2 protein chains.
Amino acid sequence: MTIKTKTKGASALPLNTIIDGDCIEVMNSLPAGSVDLIFADPPYNLQLKGDLHRPDNSKVDAVDDAWDQFDSFKVYDQFTKAWLAAARRLLKPNGAIWVIGSYHNVFRMGAELQNQGFWILNDVVWRKSNPMPNFRGKRLTNAHETLIWASKEEASKYTFNYEALKALNEGVQMRSDWVLPICTGHERLKNDEGEKAHPTQKPQSLLHRVLVATTNPGDVVLDPFFGTGTTGAVAKMLGRDFIGIEREEAYRKVAEKRISNTRKFDNEALQVSTSKRAEPRVAFGVLVERGMLRPGEELWSMNGRHKAKVRADGTLIGDDIKGSIHQVGAFLEGAPSCNGWTYWQFKRDGQKVPIDLLRQQIRSEMAKH
Amino acid sequence: MTIKTKTKGASALPLNTIIDGDCIEVMNSLPAGSVDLIFADPPYNLQLKGDLHRPDNSKVDAVDDAWDQFDSFKVYDQFTKAWLAAARRLLKPNGAIWVIGSYHNVFRMGAELQNQGFWILNDVVWRKSNPMPNFRGKRLTNAHETLIWASKEEASKYTFNYEALKALNEGVQMRSDWVLPICTGHERLKNDEGEKAHPTQKPQSLLHRVLVATTNPGDVVLDPFFGTGTTGAVAKMLGRDFIGIEREEAYRKVAEKRISNTRKFDNEALQVSTSKRAEPRVAFGVLVERGMLRPGEELWSMNGRHKAKVRADGTLIGDDIKGSIHQVGAFLEGAPSCNGWTYWQFKRDGQKVPIDLLRQQIRSEMAKH
DNA sequence: ACATCGCTTGAATCGGGTG
DNA sequence: GCACCCGATTCAAGCGATG
């Protein structure tokens with residue numbers, strides 16, 4: 001695997017590699033403020049017999065009575081607190097995190113995220129189209145898992161590719177409930193004995209949606225519980241850099257092989273729809289300067305109820321009101337605000353045309369240079 | 001309102017009343033171990049800042065009530081701890097609790113439930129069929145809320161009406177994600193000024209499912225955050241006893257009126273529990289087993305264009321096709337699916353009759369037993 | 001009576017660039 | 001850091017008015 005590094009101060013970031021070790025120690029050894037996104041699928045809990053370790057790596061005994069149950073929650077909370085703190089330190093100021101869990105552990109993770117100052121943006125329900133039934137008929141079919149998406153802090157300017165997700169959802173904005181099948185068939189990795197290589201392999205479709213939604217090409221994505229590397233494989237396909245941490249050699253081996261067999265999509269395919277907000281700003285006055293509108297020319301409101309005159313400085317004058325296209329529109333409508341670009345129309349050849357059309361002309365000229 | 005009481009030791013339980021007061025104090029004044037189910041919809045601690053406007057500039061009527069304001073997570077946690085402890089004391093040993101919340105508060109509630117020894121049975125996602133969109137396009141549409149269902153302790157023999165829920169779900173076991181519309185239209189209670197009486201009124205369909213799933217007729221259901229009394233109204237319809245606690249007089253008044261206008265065998269409730277979707281699934285083969293149709297008998301499609309023969313195992317055989325009544329119908333019509341019950345007809349006394357009539361006969365026999 | 005259109009509304013942690 | 005102001009942004013339902 002090609003090892004790319006990014007330098008941040010004195011230390012370098014090992015990109016597109018799987019690091020062997022305890023995720024807390026490894027994260028604490030990496031440079032702070034260097035990662036764009038973290039995706040974490042930690043052990044789901046503790047009624048789990050065995051295999052739970054304290055932050056100091058000592059092993060927790062399997063327990064089943066109520067008192068020890070409380071004790072095991074305490075230990076799980078310590079573990080959660082430690083790895084979330086290490087994760088938060090790694091994030092850039094505008095970075096974000098995803099965690100996934102079930103009712104066994106997700107409430108404790110969510111509370112700790114809030115306690116540490118992460119700012120929850122959404123909780124997302126992964127609704128499984130093909131869950132395992134409840135065989136004993138004693139409860140509801142456990143047909144979902146919960147993800148939490150949170151920015152590093154309240155003020156973070158997090159990445160959210162709104163238009164791309166809207167496009168993924170047939171043109172209506174993406175909701176907080178995602179229907180996706182569980183990982184089965186060819187996608188499910190097997191070990192040499194033909195058994196499933198990992199008990200909780202996540203489907204690529206889930207990571208695809210997460211990464212398209214909240215990262216851009218070239219971003220650094222870290223997964224502290226890498227397992228068989230779904231995060232890394234999807235990151236590679238999508239042209240993101242990944243860092244995986246995994247302490248089980250068997251998983252690392254499967255993941256290495258998987259990722260080396262994965263290819264990146266074409267650059268063109270990685271482009272996603274973007275919002276208008278990302279397009280260059282155009283001042284209304286430019287339309288006048290360029291002669292696209294004449295001073296003194298009249299504009300009509302979309303609803304036909306109002307009109308105003310263009311002035312040489314790119315402001316409008318209407319009845320009892322002067323100001324920008326936005327201000328005059330807002331005043332005439334009695335609204336708190338108004339997008340003048342979509343509110344006003346001008347006349348050409350007897351037809352009324354939105355002034356936004358002129359802005360688009362200017363933008364397309366700008367794109368050529 | 002008729003006041004029924006149940007005596008438990010020295011103290012009596014005030015049934016089917018709305019108690020004025022702080023829910024923690026009131027719960028602590030009631031006899032321990034006396035309640036079958038608690039449904040709790042506490043303040044969510046939304047932490048809203050400025051105003052929000054729709055793209056058409058109208059203002060969103062947000063939850064800005066004093067009862068939803070908390071100074072910090074710490075204060076909210078103290079509140080949660082106190083009311084959950086009071087609730088747990090009230091529950092019978094085999095009692096259970098439902099809580100509902102959003103990502104603002106549900107993680108803290110879930111963690112505290114576990115800390116206090118409640119045993120989580122399922123987390124349930126209420127997927128809203130008609131949520132409010134995200135107007136700014138900055139996040140995913142917040143299209144769900146989360147409920148947690150937990151027994152008083154791990155050893156509790158909780159109530160779960162598995163078959164009733166299966167029947168409600170077209171004969172397949174109920175999942176942990178429930179699609180239900182939010183409370184609008186005539187169901188939404190208004191105050192004297194014609195405004196919504198409560199900012200967060202829950203739909204009756206949600207409480208209907210909760211109470212059918214986890215209580216039996218005659219059970220005592222307590223709601224410590226009664227609001228406008230959805231829990232009480234549905235409990236009354238379904239023949240359960242309720243206890244409501246609510247400290248806002250305006251809400252109590254609306255709830256009193258609502259519940260006094262509610263009848264036990266409300267038509268609406270009956271329609272829900274006996275709707276066609278809820279009726280027991282009948283295998284076509286049963287019609288053959290019972291001699292209502294003979295193997296070898298011919299069936300005709302509704303449009304008269306196709307026919308097929310009944311086989312002894314309850315499948316059909318037509319030209320070039322064998323399979324279920326649905327599969328054969330779909331094949332002959334070149335359709336992706338087909339409801340065989342309404343597609344096929346048989347002949348009696350020269351008349352063609354839909355086979356669904358036979359299914360109805362079986363169902364009415366089943367209802368007698 | 002029936003279809004269509006327009007208006008209203010719902011537990012919401014809902015900007016960002018420039019000066 | 002703050003103030004100012006540009007300007008981007010919505011889905012499903014119910015209900016009443018209209019044709």
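To find a chain, count down the sequence lines: A is the first, B the second, and so on, and within it residues start at 1. Just so it is clear, the structure is predicted and the values come from calculations on it, not from any experiment.
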Would you mind reading off the distance between [X] atom [atom1] and [N] atom [atom2], rounded to a whole angstrom?
{"X": "B/N57", "N": "C/dT8", "atom1": "CG", "atom2": "P", "value": "13 Å"}
{"X": "B/K190", "N": "D/dC15", "atom1": "NZ", "atom2": "P", "value": "9 Å"}
{"X": "B/H53", "N": "C/dG10", "atom1": "NE2", "atom2": "C1'", "value": "16 Å"}
{"X": "B/L140", "N": "D/dC11", "atom1": "CG", "atom2": "C1'", "value": "15 Å"}
{"X": "B/L180", "N": "D/dA13", "atom1": "CG", "atom2": "P", "value": "12 Å"}
{"X": "B/D51", "N": "D/dT9", "atom1": "CG", "atom2": "P", "value": "21 Å"}
{"X": "A/N303", "N": "C/dC7", "atom1": "CG", "atom2": "C1'", "value": "15 Å"}
{"X": "A/N339", "N": "C/dG15", "atom1": "CG", "atom2": "C1'", "value": "14 Å"}

Applying a 4.0 Å non-hydrogen cut-off, can you work out what [X] is touching in the nucleic acid: base, sugar-phosphate, or nothing?
{"X": "B/V106", "value": "nothing"}
{"X": "B/T184", "value": "sugar-phosphate"}
{"X": "B/C183", "value": "nothing"}
{"X": "B/G101", "value": "nothing"}
{"X": "B/N134", "value": "base"}
{"X": "A/Q327", "value": "sugar-phosphate"}
{"X": "A/I325", "value": "nothing"}
{"X": "B/P42", "value": "base"}
{"X": "B/P131", "value": "base"}
{"X": "A/E163", "value": "sugar-phosphate"}
{"X": "A/R175", "value": "nothing"}
{"X": "A/S337", "value": "base"}

Side chains of [X] and [Y] in contact at under 4.5 Å (non-hydrogen atoms):
{"X": "A/F284", "Y": "A/L287", "result": "yes"}
{"X": "A/D36", "Y": "A/K92", "result": "yes"}
{"X": "A/L358", "Y": "A/I362", "result": "no"}

Counting side-chain heavy atoms from C-beta on, which of [options] comes nearest to [X]?
{"X": "B/L52", "options": "C/dT9, C/dG10, C/dC14", "answer": "C/dC14"}
{"X": "B/F135", "options": "C/dA11, D/dT10, C/dG15", "answer": "D/dT10"}
{"X": "B/D41", "options": "D/dG7, C/dT9, C/dA11", "answer": "C/dA11"}
{"X": "B/N130", "options": "D/dT10, D/dC6, D/dA12", "answer": "D/dA12"}
{"X": "A/K276", "options": "C/dA12, D/dT9, C/dA11", "answer": "D/dT9"}
{"X": "B/I182", "options": "C/dA11, C/dC14, C/dG16", "answer": "C/dA11"}

- For C/dT13, decide between syn and anti, treating a glycosidic angle within 90° of 0 as syn.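 Syn, since the glycosidic angle lies within 90° of 0.
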
I want to check one thing: is the phosphate of [N], taken as OP1 and OP2, less than 4.0 Å away from some side-chain N or O of [X]?
{"X": "B/H186", "N": "D/dC15", "answer": "yes"}
{"X": "B/R54", "N": "D/dA8", "answer": "no"}
{"X": "A/Y162", "N": "D/dT10", "answer": "yes"}
{"X": "B/K196", "N": "C/dG10", "answer": "yes"}
{"X": "B/R188", "N": "C/dA11", "answer": "yes"}
{"X": "A/H326", "N": "D/dC6", "answer": "no"}
{"X": "B/N142", "N": "C/dT13", "answer": "yes"}
{"X": "A/R281", "N": "D/dG7", "answer": "yes"}
{"X": "B/K138", "N": "C/dG16", "answer": "yes"}

Separation of the [atom1] atoms in [N] and [M], to the nearest angstrom:
{"N": "D/dC15", "M": "C/dA11", "atom1": "C1'", "answer": "23 Å"}
{"N": "D/dC6", "M": "C/dT13", "atom1": "C1'", "answer": "25 Å"}
{"N": "C/dC14", "M": "D/dG7", "atom1": "C1'", "answer": "15 Å"}

- Query: B/F225 vs B/W83 aromatic rings, parallel, tilted or perpendicular, using cut-offs 30° and 60°?
  - Reply: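 Rings of B/F225 and B/W83: perpendicular, over 60°.
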
Regarding [X] and [Y], is there a side-chain donor-to-acceptor distance under 3.5 Å anywhere?
{"X": "B/R54", "Y": "B/S58", "answer": "yes"}
{"X": "A/W149", "Y": "A/T214", "answer": "no"}
{"X": "A/D123", "Y": "B/H144", "answer": "yes"}

- Task: Answer yes or no: side-chain N or O of B/K202 and base N or O of C/dA11 forming a donor-acceptor pair under 3.5 Å.
- Result: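 Answer is yes: a donor-acceptor pair is held.
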
- Message: I'd like to know if B/R139 reaches the base of C/dT13 with its side chain, counting only an N/O donor and acceptor under 3.5 Å.
- Response: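 Donor-acceptor pair under 3.5 Å: yes.
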
- Are the ring of A/W119 and the base ring of C/dT13 both nearer than 5.5 Å at their centres and tilted by less than 30°?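 Stacking between A/W119 and C/dT13: present.
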
- Task: Would you give the length of the straight line joining atom NZ of B/K202 to atom CD1 of B/I182, rounded to the nearest 0.5 angstrom?
- Result: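 With rounding to 0.5 Å, NZ (B/K202) is 10.5 Å from CD1 (B/I182).
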
- Query: So which one's nearest nucleotide on DNA chain C is more toward 5', B/D68 or B/G137?
  - Reply: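 Nearer the 5' end of the strand: B/D68.
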
- Between A/Q114 and A/K157, just flag the one whose closest nucleotide in DNA chain C comes earlier from the 5' side.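 The answer here is A/Q114.
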
- Whether B/R252 side chain and B/E246 backbone form a donor-acceptor pair below 3.5 Å: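 Yes.
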
Which nucleotide, if any, forms a Watson-Crick or G-U wobble pair with [N], using both distances under 3.5 Å?
{"N": "D/dA8", "value": "none"}
{"N": "C/dC14", "value": "none"}
{"N": "D/dG14", "value": "C/dC7"}

- Message: Using the rule given for side-chain contact (heavy atoms from CB on, under 4.5 Å), can you reason through A/K307 versus A/W300, listing the C-alpha separation, both sets of side-chain angles and the distance that settles it, and then say yes or no?
- Response: CA-CA 4 Å; A/K307 57 182 184 174; A/W300 283 264; 4.0 Å; yes

- Message: Using heavy-atom distances to pick each residue's nearest nucleotide on DNA chain D, tell me which of A/S324 and A/K166 is more 5'.
- Response: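 It is A/S324 whose nearest nucleotide is closer to the 5' end.
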
